[in-house]
Amino acid sequence: MARSALLNVMVNAATKAGRGLARDFGEVENLQVSVKGPADFVSAADHRADEVLIAELEKARPGYDFLTEETGSKAGTDKSHRWIIDPLDGTTNFLHGIPIFAISIGLEREGQIVAAVVFNPVANELFVAERGAGAFLNDRRLRVAKRNELADAVIATGIPNRGRSGHAEFNRELPHIMQRTAGIRRCGAASIDLAWVAAGRFDGYWERGLKPWDMAGGLLLVEEAGGIVSDINGGKDMLGHGSCVVGNNTIQRHLLAELAAARGA
Ligand code: IPD
Ligand code: CA
Ligand code: CA
């Protein structure tokens with residue numbers, strides 16, 4: 001697969017930041033035993049990745065705006081482009097030595113995500129997509145899964161933890177969905193949940209309470225792999241509403257309808 005200049009820029013930045021994260025992840029195990037614990041170390045790793053991504057992307061495309069989890073909004077001179085970045089998605093996994101985490105980069109042009117990279121440096125899985133040009137995992141073209149029955153589907157989700165909102169809704173949705181599907185999975189990294197739907201590993205995924213940087217890259221991967229994406233109300237305001245429901249055409253429609261039924265909507 002011949003990558004565009006734009007994707008090359010994004011992949012180079014993700015690979016460079018990913019090398020640092022992979023190195024730091026190797027250190028986490030040693031720190032688990034220390035009294036202070038690895039939390040400060042992980043937060044420093046997160047910030048380092050953020051800095052590398054901003055520096056690399058700014059060098060290659062000067063003037064673009066940024067929205068990153070660690071830096072927040074950073075205005076550039078080119079108002080038509082914005083990088084939306086999670087330098088470390090799956091922090092809790094990282095902290096616990098679970099090798100499921102990713103760097104997520106989405107490029108927004110005139111309000112629409114047009115390019116995406118989700119990179120898990122320890123699994124060495126690089127997911128990329130450009131609008132209209134397909135989604136790829138390490139150069140292999142991706143298609144969402146073909147299963148059409150919820151009863152056969154493996155569905156991913158995110159479970160709100162202590163201090164997060166959405167517990168009551170989730171407690172209504174989960175029993176309803178688990179009784180109608182082949183299995184539920186919780187990866188702990190929204191960008192990877194989305195990438196794995198694009199790769200056909202999961203048949204669908206829903207979550208609420210997300211931030212734009214959790215989804216900006218992954219949603220385009222799903223769309224470019226032939227999937228359908230919406231917010232939990234069936235609209236298209238995923239980033240604004242902080243929710244998503246994704247899958248192939250049929251699974252997405254069924255999942256959305258069952259989630260609404262679970263809430264009594
Ligand atoms: C989190 C992960 C997780 C999701 C949370 C996110 P973080 O991001 O994507 O899967 O359930 O809502 O906040 O904190 O690891 O970058
Ligand atoms: Ca995140
Ligand atoms: Ca993060």
Side-chain angles (χ1 to χ4, degrees), residues 13-14 17-18 20-22 24-25 28 38-54 66-74 83-106 113 116-123 125 127 155-171 173-174 177 184-198 201-202 204-222 229 231-232 238-246 259:
L21 278 186
D24 290 338
F25 183 70
V28 167
D40 292 346
F41 178 82
V42 170
S43 146
D46 200 351
H47 278 97
R48 271 196 296 275
D50 196 60
E51 278 162 25
V52 170
L53 292 167
I54 292 178
F66 282 87
L67 173 65
T68 90
E69 182 170 17
E70 301 311 320
T71 301
S73 294
K74 184 172 175 295
W83 300 111
I84 305 182
I85 297 176
D86 194 338
L88 171 55
D89 185 40
T91 323
T92 306
N93 285 346
F94 192 100
L95 185 61
H96 286 253
I98 300 168
I100 302 178
F101 59 88
I103 289 167
S104 175
I105 310 174
I113 304 295
V117 168
V118 171
F119 179 45
N120 176 343
V122 292
E125 289 199 323
F127 297 87
I155 303 292
T157 188
I159 306 174
N161 49 277
R162 185 170 57 88
R164 297 285 288 259
S165 63
H167 289 230
E169 291 97 327
F170 187 76
N171 283 333
E173 289 166 352
L174 181 65
I177 302 301
I184 307 272
R185 298 290 182 273
R186 202 285 193 250
C187 254
S191 60
I192 290 186
D193 290 313
L194 289 163
W196 287 15
V197 172
R201 295 173 182 170
F202 294 146
Y205 162 63
W206 93 94
E207 188 164 351
R208 54 174 79 244
L210 292 171
K211 300 290 187 195
W213 45 78
D214 297 318
M215 288 183 279
L219 288 172
L220 183 64
L221 293 174
V222 173
V229 305
D231 60 43
I232 205 129
M238 291 78 67
L239 301 194
H241 190 262
S243 66
C244 66
V245 181
V246 312
L259 287 166

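Whatever order the structure lists ligands and atoms in, that order sets their numbers, starting from 1.
- For the pair L210 and ligand 1, the shortest N or O to N or O distance does not fall below 3.5 Å.
- Residues satisfying the side-chain contact (heavy atoms from CB on, under 4.5 Å) test with A14, not counting sequence neighbours, are I103, I105, V117, F119.
- Ligand 1 places these atoms under 4.0 Å from at least one heavy atom of D86: 16 (O).
- At under 3.5 Å, a nitrogen or oxygen of A189, whether backbone or side chain, sits near a nitrogen or oxygen of ligand 1.
- For residues 44-54, every residue pair satisfying the salt bridge (charged side-chain N to carboxylate O under 4.0 Å, His left out) rule, not counting sequence neighbours, is listed here: D24-R48.
- For the residue pair N93 and I100, the shortest heavy atom distance occurs at ND2-O, 2.8 Å.
- Salt bridge present: R201 and E125 bring a charged side-chain N and a carboxylate O closer than 4.0 Å.
- Checked by distance only, ligand 1 and T92 stay at 3.5 Å or farther apart across all their nitrogen or oxygen atoms.
- Residue contacts with ligand 1 leave out K211, since none of its heavy atoms falls under 4.0 Å from the ligand.
- Considering backbone and side-chain N/O atoms, E207 comes within less than 3.5 Å of an N/O atom of ligand 1.
- Set against the non-hydrogen atoms of D89, the atoms of ligand 1 under 4.0 Å away are 1 (C), 2 (C), 7 (P), 8 (O), 9 (O), 15 (O), 16 (O).
- Polar contact with ligand 1: absent for G158 (N/O pair, distance under 3.5 Å).
- Counting the atoms of ligand 1 from 1 in the order shown, those under 4.0 Å from a heavy atom of G188 are 2 (C), 3 (C), 10 (O).
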Check: residues 208-222 side-chain donor-acceptor pairs under 3.5 Å, at least two apart:
from: R208; atom 1: NH2; to: E173; atom 2: OE2; distance (Å): 2.3
from: D214; atom 1: OD2; to: K211; atom 2: N; distance (Å): 2.8

**Message:** Pair L194, V118 - check side chain to side chain contact (heavy atoms under 4.5 Å, CB included), show working.
**Reply:** CA-CA 9 Å; L194 289 163; V118 171; over 6 Å; no
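- Close approach of ligand 1 to G90 is summarised as follows: ligand atoms under 4.0 Å from at least one heavy atom of the residue are 7 (P), 15 (O), 16 (O).
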**Request:** Apply side chain to side chain contact (heavy atoms under 4.5 Å, CB included) to L21 and F94, showing your working.
**Result:** CA-CA 9 Å; L21 278 186; F94 192 100; 4.1 Å; yes
**Item:** Step-by-step side chain to side chain contact (heavy atoms under 4.5 Å, CB included) determination, T71 to F66
**Value:** CA-CA 8 Å; T71 301; F66 282 87; over 6 Å; no
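- Ring-plane geometry between F202 and W196 is classed as tilted, the angle between the planes lying from 30 to 60 degrees on a 0 to 90 degree scale.
- Interface atoms of ligand 1 facing T91, defined by a heavy-atom separation under 4.0 Å, are 7 (P), 14 (O), 15 (O), 16 (O).
- Distances under 3.0 Å from the Ca ion (ligand 2) pick out the protein N/O/S atoms D86 OD2, D89 OD1, D214 OD1.
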**Request:** Output, in order, the C-alpha distance, side-chain angles, deciding distance and verdict of side chain to side chain contact (heavy atoms under 4.5 Å, CB included) for L53 and T68.
**Result:** CA-CA 10 Å; L53 292 167; T68 90; over 6 Å; no
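- Here the side chains of N161 and T92 are not in contact, with every heavy-atom distance at 4.5 Å or above.
- Residues S191 and F101 fail the side-chain proximity criterion, which asks for heavy atoms closer than 4.5 Å.
- Near L88, meaning under 4.0 Å from one of its heavy atoms, ligand 1 places the atoms 16 (O).
- The closest non-hydrogen atom to atom 12 (O) of ligand 1, taken over R208, E70, R164, comes from R164.
- When side chains are defined from C-beta on, I113 counts as touching I84, because their heavy atoms get closer than 4.5 Å.
- Each of the atoms 3 (C), 10 (O), 11 (O) of ligand 1 lies under 4.0 Å from some heavy atom of R186.
- Atoms of ligand 1 found under 4.0 Å from any heavy atom of A190, numbered from 1 in the order shown, are 2 (C), 9 (O), 10 (O).
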